[in-house]
Amino acid sequence: MEIKVDELAGVKYTAKDFASDVDVKWCPGCGDYSILAQVQRSSPDFGERKENIVWVSGIGCSSRFPYYMNTYGFHGIHGRAGAIATGVKLANPKLQVWVATGDGDMLSIGGNHFIHLCRKNIDVKVIMFNNRIYGLTKGQYSPTSEKGKVTKSSPFGTVDFPFNAVKLATGAGATFVARSFDRDPKHLQDMINRAAKHHGAAFIEVYQNCPIFNDGAFSLLTEKETKPDNVIVLEHGKPLVFGANKEKGIKLDGLNPVVIDLSDGKNSVNDCWIHDEFDDNPTRVFLLARFSDIPNFPVPIGVFRQFSKPTYDKDYVQQISDIQAKKGAGTYEKLMYTTNIWEVR
Amino acid sequence: MEKEKTQEKEIQSLTEVTVRFAGDSGDGMQLSGSQFTETTAIVGNDLSTLPDFPAEIRAPAGSLAGVSGFQLHFSSSDIQTPGDSPDVLVAMNPAALKVNLKDLKPNATIIANSNAFDAKNLKLALYDTNPLEDGSLAGYNVIPVPLTQLTMTALQDLDLSVKEKDKCKNFFALGIMYWIYNRPIDVTSKWIESKFARKPLILEANKRALQAGYNYGETTEIFTTRYEIKPARLPKGIYRNVSGNEAVALGFVAASLKSGLNLFLGSYPITPASEILQELSKYKDFGVITFQAEDEIAGIASAIGASFAGSLAVTTTSGPGLSLKTEAIGLAVMTELPLVIVDVQRGGPSTGLPTKTEQADLLQALYGRHGEAPIIVLSAQSPADCYFMSVEACRLAIKYMTPVLLLTDGYLAFGSEPLRIPEFKDLPEIPVNFRKDAEGFHPYLRDENLARPWAIPGTPGLEHRIGGLEKKDIYGNISYDPENHQVMVNKRKEKIEKAQQDVPDIIVEGDQQGELLVLGWGSTYGAIKEAINHVKAQGYQVSQAHIKYIHPFPKNLGDVLRKFKKILLPELNMGQMATVIRSTFLIDVIQFNKVQGQPLKVSEVENKIKEVLGGQNGN
């Protein structure tokens, strides 16, 4: 049965059209409010009718997200949003499918589904709210918590190393990988819009503040005074520069990124690494992704990489239509009688 | 010339024969068996097969652990099982002989590849002396055939390696069997031609080995008798042979055609269920999507997503996979989406006996979920019945917007029998009514069957959110209200109970009341039926009833049970259905349990019936 999906013909939405009638129940001051607001503001620009948009989630604070969107929504079980979303997309590839998830939901219990969604390049867009803590279960460390973190389940500090989600997504084969902040509405909207336009597995890591269990986790990156020296904004074709007056840059010395001073007369902006988000070779993306793990390096936000690769859903549909063109559509007679049969009279 | 020779040999008419092909797991025994089956089906015999193979793909050659077998029971009348004891064993090596000898009928024929009975293989099979020569097989009709040598000779001028030629010996053996049982070789010849179309030398070698085996039977003095088994008088119609797994796959595609929905399978390979995934992956021309997921959980989770989006969604697995899918089944219960889960039961617990059969997932199927999570549970009673029950599972899932779990098992999955192909119009209708009307829509409204509306993404005005949290009655928003939870738990339960209106009454075969009813469920049907036929012939009065709809039960089941003084319940577990029957009806049953990874034998049931009746046959 062909499931009909109408084109967006002359329909103009506003952010309000994407707000459901359900009261939003995150804690006061939670970064999730901003993410919801930016998604609702961006949604009218997706070019999709709202009945063709599906939000899928797993379990956790972030995963309440679909309830607040006036689209189709599916609140799944812990970790399985990627797999559920895959089923939705394959069942009807014309739908635009999004996943709202958290660091625990997607990188811990859902890790397997996440890497395979990326590997298969299924046209599903994942927004991962990374607050580096388990919020809904009230404060245990997560797979993105920094080593040594003291939490309710690690009173003497964790001994495990965190995942770098950008590296993981890139390594697994996601074809759009970006990072943003809850506290940077414009930038976040831009990332959401670009993910919406991408065809293939898209991943946005959003650093998100949990005011209750991990308050200030990203304040160094989001506060006015410290942000310029600690954040670098990636823009395609632009040099990697940062600092309040753009007085610092990143140079590539072989495979080693080096912070250079652009005001000392020895280096100029021409020495800086020029960001190429369409780079075929993921090596530079891994170098960029590593910045957030190196002390005194700025944390990159923006699109790390995007490239075009056949999507699983398109190739699958193509395979079906090729075979149907060759063999004709299936019929009951073909199904049951195309084998050794005999008649009993 | 040939004719004359044939006429020199006696042709003896038989009503039924059970043969078993046995050899190393690399010897192609499953292939020989399935080819003999195809030919036998086309000749028009009724048949039932049982492959029996080890979990190891290639255990050390010649070892007892590596023996793979394929049993085929064929007859000129209606039969129900692959047979308890073979009349004929084809043993490709000493290990195959040793493993299978205990199962043979007294005086059974053993066709043994004498070339394989060398010192090395005898040692591997733990034989001190060669059983073909030491007189230990005196009670049997032993026919040693130098299969390896004969195959080599037949293929000597072909430019193939010794190993490649050696691999053709199963076709030589098959050729002999075709001659003995008077069946044509052309079905297998054609199969070889299509299978090896791209390898002309291998094609030629296999065909030649097959023909040489047939000629060997014809010309050699060893074989003095040919047998004839006349076509069975089965109900009129067009037939094909199906294994249970194949039948489940065909049923799903048929249900897709009947409902007009695209079929979506989310699955992860697992023995003995993988063939359903493999089979369905062929049907791209039917628009079937087979998503081979990263794990069992993704298999069912993707199916739930596909169901939400309007597909006929199914997932297939075996016991360990069912355990992994359990949480997600609860999600499908809560979101009230149609979903079919097939559990091809195998020996458990844990990895257990992956290639062997068992019925020990029953209680898990019924109750193995957290919370109050009732679903419809069905079972199939024979390979061909898998077809009908797979269609039925889809129909009920859609009608009641619920997960339906279909229990089959390894015996049904790998076993085969003729399926009388029903006409499309004779399959049950599977109406689908996607909600279109936005007026008055709420996600948890209910129709007369208590099913909620299926409102799929892409439908304007019906945007809604569902999930695993408890729902507000009718409206579907999250609700933590205590009374509402009770209401919803009740409604989910009532809905499944309501499905009883679709469950046909259970049929009692034989007297409708009396001393003894043998009750069964699932794949034990055939063995019970044949056992009852045997004891009836000896004058015993016994009736049979077989459960296919496990939850909800047929309406009349309690009444039926109360009409018998004794109820015997054989099952391949430690008494799971017995527990359910007792707790549901407060009626006791006599258990007969076997958990050996093997199907019930007719003789076992027969003996148990006699024991229960104390040798009283009513005469």
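Scope of the values below: all heavy atoms of this structure, side chains included, with no hydrogens, waters or symmetry mates.
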*May I ask you to name which of B:L257, B:I421, B:V288 has the most heavy-atom pairs under 4.5 Å with chain A?*
B:I421
*If you tally heavy-atom pairs under 4.5 Å against chain B, which of A:H78, A:K89, A:R80 wins?*
A:R80
_Would you call the rings of B:F424 and A:Y332 parallel, tilted or perpendicular, taking 30° and 60° as the class edges?_
tilted
*Heavy-atom distances under 4.5 Å only: say whether B:F264 touches chain A with side chain, backbone, both or neither.*
side chain
*Would you find a donor on one side and an acceptor on the other, under 3.5 Å apart, between the side chain of A:Q324 and the backbone of B:D285?*
yes
*Side-chain (B:R240) to main-chain (A:M336) donor-acceptor, under 3.5 angstrom*: yes
*Under 4.5 Å from a heavy atom of chain A, the part of B:L265 involved*: neither
*Which region of A:T71, side chain (C-beta onward) or backbone (N, CA, C, O), has a non-hydrogen atom less than 4.5 Å from a non-hydrogen atom of chain B, or is it both or neither?*
backbone
*asked:* What part of B:I289 gets within 4.5 angstrom of chain A, counting heavy atoms only: side chain, backbone, both, or neither?
replied: both
*What part of B:P231 is in contact with chain A, defined as an atom under 4.5 angstrom from a non-hydrogen atom: side chain, backbone, both or neither?*
neither
_Side chain / backbone / both / neither for B:A328 at chain A, heavy atoms under 4.5 Å_ = both
_Measuring from atom CG of B:N45 to atom CH2 of A:W342, what distance do you get when rounded to the nearest 0.5 angstrom?_
9.5 Å
*Please report the closest heavy-atom contact between A:L335 and B:A254, naming both atoms and the distance.*
CD2-N, 3.7 Å
_As a test of understanding, state which of A:Y72, A:F74, A:Y67 forms a ring-ring contact (aromatic ring centres under 6.0 Å, His included) with B:H464._
A:Y72
*Picking from B:E38, B:E423, B:E327, which has the most non-hydrogen pairs under 4.5 angstrom with chain A?*
B:E327
*Most heavy-atom pairs under 4.5 angstrom with chain B, which of A:K120, A:Q319, A:K327, A:H113?*
A:H113
*Let me know if B:T290 has heavy atoms under 4.5 Å from chain A in its side chain, its backbone, both or neither.*
both
_Pair B:T459-A:E51, side-chain contact (heavy atoms from CB on, under 4.5 Å): steps then yes or no_ = CA-CA 6 Å; B:T459 316; A:E51 66 266 23; 5.9 Å; no
*Taking all heavy atoms of A:V54 and all of B:P457, pick out the closest pair and write down the distance.*
CG2-CB, 3.6 Å
*Do the side chain of B:R465 and the main chain of A:Y68 share a donor and acceptor less than 3.5 angstrom apart?*
no
*Under 4.5 Å heavy-atom distance to chain A, tell me which part of B:T335 shows up: side chain, backbone, both or neither.*
side chain
_Interface residue of largest heavy-atom contact number with chain A, from B:G467, B:A303, B:G305, under 4.5 Å_ = B:G305
*Hey, are the side chains of A:F114 and B:E294 touching, using non-hydrogen atoms and a 4.5 Å cut-off?*
no
*asked:* Any heavy-atom pair between the side chains of B:N477 and A:V22 that's under 4.5 Å?
replied: yes
_For chain A, the option from B:V187, B:I42, B:L312 that forms the most heavy-atom pairs under 4.5 Å_ = B:I42
*asked:* As an exercise: rank A:I323, A:I77, A:I320, A:I341 by heavy-atom pairs under 4.5 Å with chain B and give me the winner.
replied: A:I77
*Return the option, out of A:I59, A:V56, A:L90, A:T86, with the maximum number of heavy-atom pairs under 4.5 Å with chain B.*
A:L90
*Using a cut-off of 6.0 Å, state whether more than 12 heavy atoms not belonging to B:K190 lie near its atom NZ.*
no
_So A:I84 and B:F308, do their side chains get closer than 4.5 Å, heavy atoms only?_
no
_Top contributor to chain A contacts, counting heavy-atom pairs under 4.5 Å, from B:L419, B:L469, B:L250_ = B:L469
*Could you tell me which portion of A:T331 (side chain, backbone, both or neither) has an atom closer than 4.5 angstrom to a non-hydrogen atom of chain B?*
backbone
_Please identify, among A:K326, A:E333, A:R119, A:R64, the residue contributing the most non-hydrogen atom pairs under 4.5 Å to chain B._
A:R64
